[in-house]
Amino acid sequence: MEIVESILDIPVQDPPEEEFSSADLIWTKFGTAEHHDDVALIPYARVDEFIIGECSNVECPTRFHIERGRKRSMGSLKEYKSDEYLEYRLYWCSFGPENYGEGGGVLPSRRYRLNTRNRAARPQSMRGCTCHFVVKRLYARPALALIIFNERRHINKSGFVCHGPLDKDAIGPGAKKIPYISNEIQQQTMSMIYLGIPEENVLEKHIEYVQRYGGSDATVSTLASQYVRKLGMIIKRSTHELDLDDQASIRMWVERNKKSIFFYQDTSETDPFILGIQTEWQLQQMVRFGHRSLIAADSTFGIKRLKYPLCTLLVFDSRQHALPVAWVITRSVAKPDVAKWMKALLDRARSVDPGWKINGFVIDDAAMEIDPIRDAFCCPILFSIWRVRGSWLRNVVKKCSNIEVQREIFKRLGEIVYSIWGGLDTSVALEELILDFVDQSAFMEYFKSTWVPKIEMWLSTIKTFPLASQEASGAIEAYHVKLKTKLFDDSHLGALQRVDWLVHKLTTELHSAYWLDRYADESDSFQHVKEEYIASTSWHRALQIPDSAVTLDDKGHLFAKVASQKDSSRTHLVWNPGSDFAFCDCAWSMQGNFCKHVIKVNMICENAKGCRPSMSFWSFREILIDLCKRPMDDSIGLDESVAWTHQMLDQIKQLVELNSSNDIGIVVNNMPLKWISKKGRTFVGIPASLPALPSDSKTITKNVQKSRKRKRLSRLR
């Protein structure tokens, strides 16, 4: 905004409303480049109407008192500037300024009243609000008043809203009459509002759940209705910009949301910016679904469009859908920095469950540092090809116009990947690909500039690590697509370079969407949300296609036909069936995604003769064969191979038995698990205040119990 140096250049405003506020005025920067304020000129006769309008702020209703005032008489100045005052009054919000709320904690309410002038009626109303403005009746133009706003927002020095409906810490005598709102009910209501569900439906569901605790009372329903409207107003008016400066805004958000942060490192000359976010609900899901299971990383989201790339850690829930349990915003991929936040995340999980451990970590980027994962989680590492497959398919479709050429190029790319287990020379296969499709200049330029320099690293990673299944890859991809849809909406393109906007979107809309998905599935409510959640991955959509809808080509299995379930007259062609690089002509596949038709055809091909096995199975088989190739004279190496093989075989047998059994009780009874005695479990699980006594000292135990009972009774008296 341009800075105005002369008060004569500021227009006089006279809003038509009977009462008006700062929101109804156009503010001008007045002063110099070093020091300037937001000012507005209004008729002096309308100052009272302006103050009444400011007091009636919906978000922060308040009163303003005169903190300071000075007067001059006309003719007292022989020389004066255009902004000299005839009357000067400093108005301050009555919820301040005694306690400024430094540190972002809950402000205490005093039980006594200070003998101070012009304060609010109750001493507990002094909340440290810094909102204040100056009204100058101009000496040169007494009919006009210059309003100078020093702080328009009702916040404390820490930058947090400190009173009114938007203040999360606001309390009052009416709290005794408000119905019980559990965290679950509050999160459910917030999630529905964030997802854009109409207020009538939100209110109906909210009252239904509140009445379970407070009964069907008219007062309860009225208060619940007010609660929903207030919450909706807070969410509607909330903003990601706590400060105009993005870095300062993030610091303020971190200060206020310490419970949702597992690691934070501000930018400095030696350290890069790192922000690790994990809400309490995400921590619960991580401990629940991650223990003795897999964690996956969607590691490089927004690397070209966001200010800092986003890494998401995912677990697989009860339906094997990818569930985000932590977000890390940083540009650094250096080992020391990755090790910092990974260790902090692991320590947080083990603070809830000291025995928490994962069975494997799935990565999707060949450039990702492996050592911090091994050092922190001490588990095997798997690799998912969804990212490289999607990138190749998306660019083949985009840069090649002929669909037959698209099929052939994608098939040849898949053969290059499969060749790493066949002993073929990858460089020769790449040269042949480039020569055979030299006429496809757009794709070849992209491939040579983007992938040829690093393809050896990617192929080496694919060969070295076990590969994740199509189900896991499809689940990670489904999360990535949902994240992309939420963040890269056209209405948000101007905010992509702000970290506070990204944090706000993650912790509100995306978090609410996944919370409601899980809640709908586990409580069997919100049937529409539940159905969409179940069908959100291509794997689950593929399970809905009957085997009879798939027809394989009799001549060499070159293609397969899948009949559409919505339109019986339509079929989809899947070329190169049985391969992870199968090509389907449906719209979802053409966008570079794993589609349900490819997954369904590959399920059929698993049991068909002459079809190539999946890459994950091929990778697993090659690892087992490699273990068997250890030389006999290498006794330690042979011992390690035998130990690893037996460990894997035992786990596979248990999984097969669990999946094929109809009675979980039979599986449990067959497990080599023996419970210790009840007495022993008590001493192990709950540390006693006294050392454990031998079983034969019954008399001593009884005396100790009696003495404890007497102590408790004496305290009660």
Side-chain angles (χ1 to χ4, degrees), residues 293-294 296 316 320 359-364 366 370 374 379-389 410-426 429 455-476 539 542 552 556-557 560 574 576-582 594 598-632 634 637-660:
S293 186
L294 298 176
F316 299 95
Q320 304 307 324
N359 284 346
F361 196 103
V362 183
I363 63 174
D364 62 352
I370 305 301
R374 285 176 171 160
C379 67
I381 296 173
L382 290 80
F383 185 77
S384 173
I385 65 165
W386 80 268
R387 187 179 294 278
V388 60
R389 180 192 182 276
F410 195 58
K411 180 180 178 181
R412 292 281 292 275
L413 290 170
E415 289 175 354
I416 291 174
V417 177
Y418 274 97
S419 69
I420 61 177
W421 295 297
L424 301 177
D425 191 343
T426 305
I455 196 166
E456 288 188 7
M457 175 185 69
W458 281 81
L459 294 179
S460 174
T461 303
I462 293 173
K463 185 177 181 180
T464 304
F465 296 105
L467 296 185
S469 64
Q470 290 185 20
E471 182 179 11
S473 297
I476 300 171
W539 180 273
L552 287 173
H557 293 168
V574 177
N576 197 20
S579 169
D580 289 58
F581 287 81
F594 267 115
V598 168
I599 293 176
K600 182 62 183 181
V601 168
N602 289 352
M603 289 178 180
I604 298 294
C605 290
E606 286 179 1
N607 302 319
K609 293 182 180 179
C611 290
R612 179 182 291 175
S614 67
M615 289 185 68
S616 58
F617 181 80
W618 199 314
S619 170
F620 176 67
R621 186 180 66 181
E622 289 296 320
I623 291 173
L624 291 180
I625 293 173
D626 184 59
L627 288 172
C628 295
K629 287 180 180 178
R630 295 287 185 182
M632 293 296 293
D634 187 359
L638 180 62
D639 292 342
E640 291 177 351
S641 301
V642 171
W644 276 106
T645 304
H646 277 281
Q647 182 180 356
M648 285 186 287
L649 287 175
D650 289 341
Q651 292 182 359
I652 291 170
K653 286 179 182 178
Q654 291 175 8
L655 288 173
V656 170
E657 184 182 1
L658 185 62
N659 289 330
S660 59

- [ ] Could you walk me through whether F617 and E622 pass side-chain contact (heavy atoms from CB on, under 4.5 Å), step by step?
- [x] CA-CA 9 Å; F617 181 80; E622 289 296 320; over 6 Å; no
Task: Interatomic spacing from CD1 in I370 to CZ in F383 - rounded to 0.5 Å - done: 9.0 Å
TODO: May I ask you to decide if I416's main-chain N or O and S419's side chain share a donor-acceptor pair within less than 3.5 Å?
DONE: yes
Task: Centroid-centroid under 6.0 Å between Y418 and W618 rings - done: yes
Open item on the list: Please report the interatomic distance CD1(I385) to CG(D364), rounded to the nearest 0.5 Å.
Closed with: 12.0 Å
- [ ] Any chance you could measure C605, atom SG, to K600, atom NZ, to the nearest 0.5 Å?
- [x] 11.5 Å
- [ ] Check whether any side-chain N or O of S619 sits under 3.5 Å from a backbone N or O of M615 as a donor-acceptor pair, and report yes or no.
- [x] no
Task: Atom pair OG (S579) and CG (N602), whose distance is rounded to the nearest 0.5 Å - done: 7.0 Å
Task: R389 charged N/C atom sitting above W386 aromatic ring, 6.0 Å / 45° - done: no
Open item on the list: Pairing donors with acceptors under 3.5 angstrom, does anything connect the side chains of S473 and S384?
Closed with: yes
Task: Heavy-atom pair with the smallest gap, counting every atom of F316 and A475 - done: CE2-CB, 3.9 Å
Open item on the list: Within this structure, what is the NZ-CD distance for the pair K463 and E456, rounded to the nearest 0.5 Å?
Closed with: 12.0 Å
Task: Sub-4.5 Å side-chain heavy-atom contact between C379 and F361 - done: yes
TODO: First locate atom CD1 of I599, then atom CG of D580, and finally report the distance between them rounded to the nearest 0.5 Å.
DONE: 9.5 Å
Task: Residue pair I462 / V417: nearest heavy atoms and the distance that separates them - done: CD1-CG1, 4.2 Å
Task: Heavy-atom side-chain proximity of L467 to L382 below 4.5 angstrom - done: no
Open item on the list: Whether the side chain of N576 engages the backbone of K411 through a donor-acceptor N/O pair (distance < 3.5 Å, no angle test) should be reported.
Closed with: no
